[in-house]
Asks: 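Before I ask anything, here is the structure I am working with.
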2 protein chains.
Amino acid sequence: MGRGRPRGFDREVALDDAMRLFWTRGYQDTSIADLTDVLGIGSPSLYAAFGSKASLFCAAADRYQDGDGGRPGVAMAEAPTARGGVEALLRENVTLFTRRGGPRGCLLTRATLSCPPTDSTVLAYLDRSRRDRLTVLRTRLRTAAADGEPLPSDDVDTLAQFYDAQVQGLAVRALEGASRAALLRTVDLTMAGWDALAAH
Amino acid sequence: MGRGRPRGFDREVALDDAMRLFWTRGYQDTSIADLTDVLGIGSPSLYAAFGSKASLFCAAADRYQDGDGGRPGVAMAEAPTARGGVEALLRENVTLFTRRGGPRGCLLTRATLSCPPTDSTVLAYLDRSRRDRLTVLRTRLRTAAADGEPLPSDDVDTLAQFYDAQVQGLAVRALEGASRAALLRTVDLTMAGWDALAAH
DNA sequence: TGGTTAATGTAGTGATCGACACAGAAAGGA
DNA sequence: TCCTTTCTGTGTCGATCACTACATTAACCA
């Protein structure tokens, strides 16, 4: 092992920086020059390590989903009830989308709306991520239904899409500048709707 | 009047075409070359008529909001009740976002997430549009509250933000490829929430 | 008909895009 | 020490970006 000149930068630190940049500026508006500036490396090093802008984005987005961006999903999956899980999902996302000094909104939602339709690599990645996200949510709701927990609707599929859309709405509003407090008030409203409907 | 060579194209038809293009591809990924191709004119004609890409976008977005894009808002404002108004707003938006052969999602939402943070002209336009949209919604809800119509919450401001976020969520999901039927099912869920909460 | 005004088509501005050729530098193995 | 291997810095590729200079064309008015 270890043949040849060693890499002059830390791959994971670079991925973190790239993630922050994609999160802040979206996919298309983040240029290779921006990335090499922030990472402090030359473009040949970047291409040697990550292959292309598209695959760098995918690696950075993986890191997002395995780190901060994945916490809301984990919180939901681990909650004892589906109601608590959905509430945790929404509240954790609000926290994530409005962190002080951090990029606002969701890296994936932002990329979905700012990726050129020609970049099939990134589009396919985003589509798969979206499907996985929906599957986790649907699975949690299905388990709850099997456990006899009262849900706002019998249509678990629609429920999953509904709450996923809530998250996307929060992400867009966060990017528009909505305050954390304002977002949390609408989460309260969403959960009040759950309670009113689940009470049957 | 009528001095000089007459314009060789119809300004409003051109705006319609530009609107469709911005709606389909977002702001940044729509290039001047794309526009001159579709409009069938040279770039000097485009600049003579509209000034810049940013001001062309604003003019096209105005046309969007005065035409198809404005219908949901009009339907809401004209409905006899706030409940019917909000339902009309959501359903008309679903129709708008999933028209056969038309661009998916919302031109404004798409632009909000695909506009480079340096383009202050477009960002300011989008911010004003968002504020106007929220004002119309809040006004309708306030009127209903004054009329004694039962609402899902006393906090009209939060209500307006909540239902505006529903619209943004629908727009993102439509762009992701969600079917009209699936979107309408989540609208049903939203309105079921209204009824369950407004019943008090 | 000649002059004024404005829109057009051709062509090209400098800047920036993603990506890479090439040679030098830094490590391990012989 | 010399060779192989891998990474790094300089410089640049063709393509595309938003935008425009320039000469021409087509309408008006006198």
Side-chain angles (χ1 to χ4, degrees), chain A residues 1-15 17-18 21-22 24-61 111 114-125, chain B residues 1-15 17-18 21-22 24-61 111 114-125:
Chain A
M1 66 168 67
R3 300 264 288 220
R5 176 173 177 172
R7 181 175 286 132
F9 62 97
D10 186 313
R11 197 177 189 276
E12 307 221 328
V13 170
L15 270 181
D17 290 341
L21 210 52
F22 280 125
T24 304
R25 306 175 55 99
Y27 178 70
Q28 186 161 4
D29 194 50
T30 301
S31 71
I32 299 293
D34 292 332
L35 288 162
T36 56
D37 271 10
V38 168
L39 309 195
I41 63 177
S43 46
S45 300
L46 188 152
Y47 278 94
F50 302 109
S52 70
K53 182 182 176 183
S55 57
L56 169 58
F57 171 83
C58 294
S114 74
C115 175
T118 52
D119 200 325
S120 54
T121 302
V122 172
L123 287 180
Y125 175 90
Chain B
M1 69 167 66
R3 299 265 288 223
R5 177 175 176 172
R7 181 175 284 133
F9 62 97
D10 186 312
R11 198 176 186 276
E12 306 221 327
V13 170
L15 271 181
D17 290 340
L21 210 52
F22 280 125
T24 303
R25 308 174 54 101
Y27 177 69
Q28 180 151 321
D29 193 49
T30 301
S31 70
I32 299 294
D34 292 333
L35 287 161
T36 55
D37 272 8
V38 167
L39 309 195
I41 63 176
S43 46
S45 300
L46 188 152
Y47 279 92
F50 302 108
S52 70
K53 183 182 175 184
S55 58
L56 169 58
F57 171 83
C58 294
S114 74
C115 176
T118 52
D119 200 326
S120 55
T121 303
V122 171
L123 287 180
Y125 175 91

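Computed from a prediction, not measured in an experiment: that's the story for all the values here. Residue numbers start from 1 in every chain, and the chains themselves are labelled A, B, ... in the order their sequence lines are given, proteins ahead of strands.
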Asks: From A:Leu56 CG over to A:Leu39 CG, what is the distance, rounded to the nearest 0.5 angstrom?
Replies: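 It comes to 7.5 Å.
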Asks: Taking only residues two or more places apart in sequence or in another chain, which ones pass side chain to side chain contact (heavy atoms under 4.5 Å, CB included) with A:Arg7?
Replies: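 Expected list: A:Phe9, A:Arg11, A:Ala49.
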Asks: With sequence neighbours left out, which residue pairs that include part of residues 33-43 of chain B fulfil the side-chain hydrogen bond (donor to acceptor under 3.5 Å, both in side chains) condition?
Replies: B:Ser31-B:Asp34
Asks: State, to 0.1 Å, how close B:Leu35 and B:Thr30 come at their nearest heavy-atom pair, and which atoms those are.
Replies: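 In this case the closest contact between B:Leu35 and B:Thr30 is CG-CG2, 3.9 Å.
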Asks: Would you tabulate the nitrogen or oxygen pairs shorter than 3.5 Å linking the protein to nucleotides 3-7 of chain D?
Replies:
unit_1, atom_1, unit_2, atom_2, d
D:dT6, O2, A:Arg5, N, 3.1
D:dC7, O4', A:Arg5, O, 3.2

Asks: Output all residues satisfying side-chain hydrogen bond (donor to acceptor under 3.5 Å, both in side chains) with B:Tyr125, sequence neighbours left out; order by chain, then residue number.
Replies: B:Asp62, B:Gln65
Asks: For A:Thr36, report the nucleic acid contact type (base, sugar-phosphate, nothing); a contact means any heavy atom under 4.0 Å.
Replies: nothing
Asks: Whole angstroms only, please: what is the CG-P distance between A:Asp34 and C:dC17?
Replies: 6 Å
Asks: With sequence neighbours left out, which residue pairs that include part of residues 49-59 of chain A fulfil the side-chain hydrogen bond (donor to acceptor under 3.5 Å, both in side chains) condition?
Replies: A:Ser52-A:Ser55
Asks: I want to check something: taking the side chain as every heavy atom from C-beta on, are A:Val13 and A:Asp17 in contact at a cut-off of under 4.5 Å?
Replies: yes
Asks: Roughly how many Å is it from CZ in A:Phe50 to C1' in C:dG18, rounded to a whole number?
Replies: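 Interatomic distance, CZ of A:Phe50 to C1' of C:dG18: 16 Å.
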Asks: Please give me the minimum heavy-atom distance between B:Leu15 and B:Ala59, naming the atom from each residue.
Replies: CD2-CB, 3.7 Å
Asks: Check nucleotides 19-22 of chain C against the protein and report each pair of N or O atoms closer than 3.5 Å, with its distance, or say if there are none.
Replies:
unit_1, atom_1, unit_2, atom_2, d
C:dA19, OP2, A:Tyr47, OH, 2.9
C:dA19, OP2, A:Lys53, N, 3.0
C:dA19, O5', A:Tyr47, OH, 3.3
C:dC20, N4, A:Ser43, OG, 2.7

Asks: Whole-Å distance between C:dT10 P and B:Ile41 CD1?
Replies: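 After rounding, the reported distance stands at 14 Å.
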Asks: If I take atom CG in residue A:Leu46 and atom P in nucleotide D:dT10, what distance separates them, rounded to the nearest angstrom?
Replies: 16 Å
Asks: To the nearest 10°, give me the bend of the helix from C:dT1-D:dA30 to C:dA30-D:dT1, comparing the axes of its five terminal pairs at either end.
Replies: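 Taking the rotation axis at each end, their angle is 10°.
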Asks: Check residues 114-123 of chain A and write down every donor-acceptor pair under 3.5 Å in which the side-chain atom is one partner and the other belongs to a residue at least two apart or another chain.
Replies:
unit_1, atom_1, unit_2, atom_2, d
A:Ser114, OG, A:Tyr27, N, 3.3
A:Ser114, OG, A:Arg110, O, 3.1
A:Asp119, OD1, A:Val122, N, 3.4
A:Asp119, OD2, A:Tyr27, OH, 2.8

Asks: Which residues pass the salt bridge (charged side-chain N to carboxylate O under 4.0 Å, His left out) test with A:Asp29, not counting sequence neighbours?
Replies: A:Arg25
Asks: Between C:dC17 atom C1' and A:Asp37 atom CG, what is the distance in whole Å?
Replies: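 Taking atom C1' of C:dC17 as the reference, CG of A:Asp37 is at 14 Å.
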Asks: Between C:dT8 atom P and B:Leu39 atom CG, what is the distance in whole Å?
Replies: 11 Å
